[in-house]
**Student:** 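I have a structure I would like to understand better, so I am pasting it below and will then ask my questions one at a time.
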Amino acid sequence: MSFRNFPMVPRVVFGRGSFNQLEEILESKRTNEKSPFIFLVDDVFKGKESLISRIPLNQKDQVIYISADEEPKTVYVDAIRDDIVKQFSDVPSGIIGIGGGTLLDYAKAVALMLTNPGSSADYQGWDLVKNPAVYHVGIPTISGTGAEVSRTTVLTGPERKLGMNSDYTPFDQVVLDPELLDGVPKNQWFYTGMDCYIHCIESLTGTYLNAFSQSYGEKSLDLCREVYLEKDEIDEDSQDKLMMASWHGGMSIAYSQVGVAHAMSYGLSYLLGTKHGVGNCIVFDQLEEFYPEGVKEFKEMVVKHGIDIPKGLCKDLTDEQFDTMIDVALSLVPLWENALGADWQKTITREKLRSMYEKM
Ligand code: NAD
Ligand code: ZN
């Protein structure tokens, strides 16, 4: 048996206002004057001077705005990399992603693709990346995915939705400033936060569970409950806690695995472009059979916060479309194995998945 030996984020700063330390953090990382820092920023912040004016820009440094309306695709990652290479003779000193899971994943992927030849689609999988990335920094502005700690960057490519999982993927530095969560719309706050809640439930009830995952998962779950069950509104304390819940949730699945909700949500996302957070909620809402207690508590949280969970996504799909979703879901073997054990195929048949998708 071989045990996972995975890298962790080596440096992290936490605190309200810690974003102001970015200049100091980056200073020593500039490789030379011609080698810029490139800031990939969620375009929701365009014109929001309270954030943008605090990005420490020097000489050739550049801000590139990216929309988070769609999840990252390999073609977009390649295009951003090509633009950077065309514009600058020197390899950038660093890539800094500012935004949610979408922008964090772009930052990781672009940083990797600046030092690895070809298309990002060539590296979708496990440990295919050959060369270390350029220095990269993650600065979350919405919490839940755990992308700030994970060793993957999830990309939709020509053939599959799959991450670039590698030891070079994790950020070199993360800045956790809960102040940056101001302005997140309520439904989105819920969907992305529930990604974390679902990570915990899937990790803690899975067959891959071990003391490492459990210790992080239990802490994260406690924090989620404080944020979503005990509080009526989003205050500073709940922002701080959700940011740490996301971190611990990510650490929990690093040494275990996700489960049924993620496997099925990947199917929705691949076929319909449903975003990760909301897709997980749509699926999890229907999973009483697999996660009875988690789903009950989830439904309480939905009601407490008056959240809309979209319904009827699959009502007009063709047989072929159902088959595509089912193929994607079934291909995620470790997720099923974690959720249901080695003989998961006894429970999870194509018909079973079809009938579950039909309810969504
Ligand atoms: P997101 O980055 O897609 O953002 C969701 C929405 O919130 C967007 O409209 C964005 O503009 C908005 N937003 C973000 N911060 C805001 C702020 N402070 N104020 C106002 N609006 C704000 O959301 P997400 O749920 O964090 O990320 C989803 C993505 O993360 C998916 O692409 C998924 O595949 C990926 N993901 C990656 C990992 C990983 O380990 N790499 C894990 C889970 C999910
Ligand atoms: Zn997730």
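Ligands are counted one by one from 1 in listed order, and the atoms in each one are counted from 1 as well.
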**Student:** Hey, does the Lys NZ or Arg CZ of Lys161 hover above the aromatic six-ring of Tyr266, less than 6.0 Å from the centre and inside 45° of the axis?
**Tutor:**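 Yes, Lys161 and Tyr266 form such a contact.
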
**Student:** Counting only heavy atoms closer than 4.0 Å, does ligand 1 sit against the backbone of Asp182, its side chain, both, or neither?
**Tutor:** backbone

**Student:** For the pair Leu313 and Thr274, evaluate side chain to side chain contact (heavy atoms under 4.5 Å, CB included) and give the outcome as yes or no after the intermediate values.
**Tutor:** CA-CA 9 Å; Leu313 259 79; Thr274 313; 3.6 Å; yes

**Student:** Kindly give the heavy-atom pair with the smallest separation between Pro72 and Asp105, and that separation in Å.
**Tutor:** CG-CB, 4.1 Å

**Student:** At what distance is the nearest protein heavy atom to atom 39 (C) of ligand 1, and which residue and atom is it?
**Tutor:**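 Residue, atom and distance for the closest contact: Ser150 OG, 3.4 Å.
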
**Student:** So which heavy atom in the protein is nearest atom 24 (P) of ligand 1, and how far is it from that ligand atom?
**Tutor:**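 Protein heavy atom at minimum distance: Gly101 N, 3.5 Å.
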
**Student:** Inspect the contact between Arg16 and Asp177 and indicate whether a charged nitrogen and a carboxylate oxygen are less than 4.0 angstrom apart.
**Tutor:**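 Salt bridge flag = no for Arg16 with Asp177.
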
**Student:** Could you name all protein N, O or S atoms found under 2.8 Å from the Zn ion (ligand 2)?
**Tutor:**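 Metal shell, protein only: Asp195 OD1, His199 NE2, His262 NE2, His276 NE2.
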
**Student:** Tell me: protein heavy atom nearest atom 14 (C) of ligand 1, and distance?
**Tutor:** Thr141 OG1, 3.7 Å

**Student:** Hey, what's the ring geometry for His262 with His276, parallel, tilted or perpendicular (30° and 60° as the breaks)?
**Tutor:** tilted

**Student:** Please confirm whether Thr152 comes within less than 3.5 Å of ligand 1 when only nitrogen or oxygen atoms on both sides are compared.
**Tutor:**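 Looking only at distances, the answer is yes, because the N/O contact criterion of under 3.5 Å is met.
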
**Student:** Do Glu297 and Lys304 sit within salt-bridge range, that is, some charged N less than 4.0 Å from a carboxylate O?
**Tutor:** no

**Student:** Any protein heavy atom sitting closer than 4.0 Å to atom 2 (O) of ligand 1?
**Tutor:**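 Under 4.0 Å from atom 2 (O) of ligand 1, at least one protein heavy atom found.
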
**Student:** Specify the protein heavy atom at minimum distance from atom 10 (C) of ligand 1: its residue, its atom name, and the distance to 0.1 Å.
**Tutor:** Asp42 OD2, 3.1 Å

**Student:** Does ligand 1 come near enough to Lys48 that some N or O of the ligand is less than 3.5 Å from an N or O of the residue?
**Tutor:**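 Such a contact does not occur with ligand 1.
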
**Student:** Quick check: does Leu180 get an N/O under 3.5 Å from an N/O on ligand 1?
**Tutor:**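 N/O-N/O distance under 3.5 Å: yes.
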
**Student:** If the cut-off is 4.0 Å to any non-hydrogen atom of Gly183, which atoms of ligand 1 fall inside it?
**Tutor:** 19 (N), 20 (C)

**Student:** Run the numbers for me: atoms of ligand 1, each under 4.0 Å from some heavy atom of Gly100, listed by number.
**Tutor:**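 Near Gly100, meaning under 4.0 Å from one of its heavy atoms, ligand 1 has 2 (O), 26 (O).
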
**Student:** I'd like to know if Asp127 pairs up with Arg151 as an ion pair, taking the criterion as any Lys NZ or Arg NE/NH1/NH2 lying under 4.0 Å from an Asp or Glu carboxylate oxygen.
**Tutor:** yes

**Student:** Would you say the ring centers of Tyr357 and Phe322 fall short of 6.0 Å from each other?
**Tutor:** no

**Student:** Please work out whether any backbone atom (N, CA, C, O) or any side-chain heavy atom from C-beta onward of Leu104 is under 4.0 Å from ligand 1, and answer side chain, backbone, both or neither.
**Tutor:**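 No part of Leu104 is near ligand 1 at this cut-off.
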
**Student:** How are the rings of His136 and Phe171 set relative to one another: parallel (under 30°), tilted (30 to 60°) or perpendicular (over 60°)?
**Tutor:** tilted

**Student:** Phe45 heavy atoms, cut-off 4.0 Å: which ligand 1 atoms fall inside?
**Tutor:** 17 (C), 18 (N)

**Student:** Taking non-hydrogen atoms only, is Pro185 closer than 4.0 angstrom to ligand 1 via side chain, backbone, both or neither?
**Tutor:**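 Pro185 to ligand 1: side-chain contact only, backbone stays beyond 4.0 Å.
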
**Student:** Nearest to atom 17 (C) of ligand 1, what protein heavy atom do you find, and at what distance?
**Tutor:**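 The closest one turns out to be Val184 CG2, 3.5 Å.
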
**Student:** Do other residues, nucleotides or ligands put more than 12 heavy atoms under 6.0 Å from the CZ atom of Arg11?
**Tutor:** no

**Student:** For the pair Met301 and Phe190, evaluate side chain to side chain contact (heavy atoms under 4.5 Å, CB included) and give the outcome as yes or no after the intermediate values.
**Tutor:** CA-CA 9 Å; Met301 297 188 280; Phe190 190 83; 3.9 Å; yes

**Student:** Thr102 to ligand 1: N or O pair under 3.5 Å?
**Tutor:**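 Yes, there is a polar N/O contact under 3.5 Å.
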
**Student:** Which bit of Val44 is near ligand 1, meaning a heavy atom under 4.0 Å away: side chain, backbone, both or neither?
**Tutor:**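 Answer for Val44: side chain.
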
**Student:** Which part of Ala147 is near ligand 1, with near meaning a heavy atom under 4.0 Å away: side chain, backbone, both or neither?
**Tutor:** both

**Student:** May I ask you to identify the nearest protein heavy atom to atom 25 (O) of ligand 1, giving residue, atom name and distance to one decimal place in Å?
**Tutor:**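 Nearest protein contact, heavy atoms only, for atom 25 (O) of ligand 1 is Thr192 OG1, 2.7 Å.
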
**Student:** Give me the atom names and distance for the closest heavy-atom approach of Leu103 to Ala68.
**Tutor:** CD2-CB, 4.3 Å

**Student:** Among Gln59, Gln62, Lys29, exactly one meets side chain to side chain contact (heavy atoms under 4.5 Å, CB included) together with Phe37. Which residue is that?
**Tutor:** Lys29

**Student:** Any nitrogen or oxygen of Asp105, main chain or side chain, under 3.5 Å from a nitrogen or oxygen of ligand 1?
**Tutor:**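 Yes; the residue has a nitrogen or oxygen that sits under 3.5 Å from a nitrogen or oxygen of the ligand.
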
**Student:** Checking the N or O distance criterion of under 3.5 Å, is ligand 1 in contact with Thr145?
**Tutor:** no

**Student:** Once you restrict to heavy atoms under 4.0 Å, what part of Tyr191 touches ligand 1? Side chain, backbone, both or neither.
**Tutor:**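 Contact part for Tyr191 vs ligand 1: neither.
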
**Student:** Hey, is Pro72 touching ligand 1 through its side chain, its backbone, both or neither, going by heavy atoms under 4.0 Å?
**Tutor:**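 Under 4.0 Å from ligand 1, Pro72 contributes side-chain atoms alone.
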
**Student:** Scan for salt bridge (charged side-chain N to carboxylate O under 4.0 Å, His left out) pairs involving residues 39-66, sequence neighbours excluded, and state none if there are none.
**Tutor:** Arg30-Asp61

**Student:** Under 4.0 Å from any heavy atom of Gln188, which atoms of ligand 1 are there?
**Tutor:**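 Those atoms are 5 (C), 6 (C), 7 (O).
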
**Student:** Salt bridge (charged side-chain N to carboxylate O under 4.0 Å, His left out): which pairs involve residues 179-199, sequence neighbours left out?
**Tutor:**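 Residue pairs with at least one partner in residues 179-199: there are none.
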
**Student:** Can an N or O of His199 be found at a distance shorter than 3.5 Å from an N or O of ligand 1?
**Tutor:**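 N/O-N/O distance below 3.5 Å does not exist for this pair.
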
**Student:** Using salt bridge (charged side-chain N to carboxylate O under 4.0 Å, His left out), reason through Asp343 and Lys346 one step at a time and then give a plain yes or no.
**Tutor:** CA-CA 6 Å; Asp343 54 359; Lys346 284 194 188 135; 3.4 Å; yes

**Student:** Would the number of heavy atoms belonging to other residues, nucleotides or ligands and lying under 6.0 Å from CD of Glu23 be above 12?
**Tutor:**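 No.
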
**Student:** Are Tyr216 and Phe212 close enough that their ring centres sit under 6.0 Å apart?
**Tutor:** yes

**Student:** Among residues at least two apart in sequence or on other chains, which ones pass salt bridge (charged side-chain N to carboxylate O under 4.0 Å, His left out) with Glu33?
**Tutor:** none

**Student:** Which residue supplies the protein heavy atom nearest to atom 33 (C) of ligand 1, what is that atom called, and how far is it?
**Tutor:**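 Nearest neighbour among protein heavy atoms for atom 33 (C) of ligand 1, to 0.1 Å: His276 CB, 3.6 Å.
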
**Student:** How far is atom 31 (C) of ligand 1 from its nearest protein heavy atom, and which residue and atom is that?
**Tutor:** Glu71 OE2, 3.2 Å

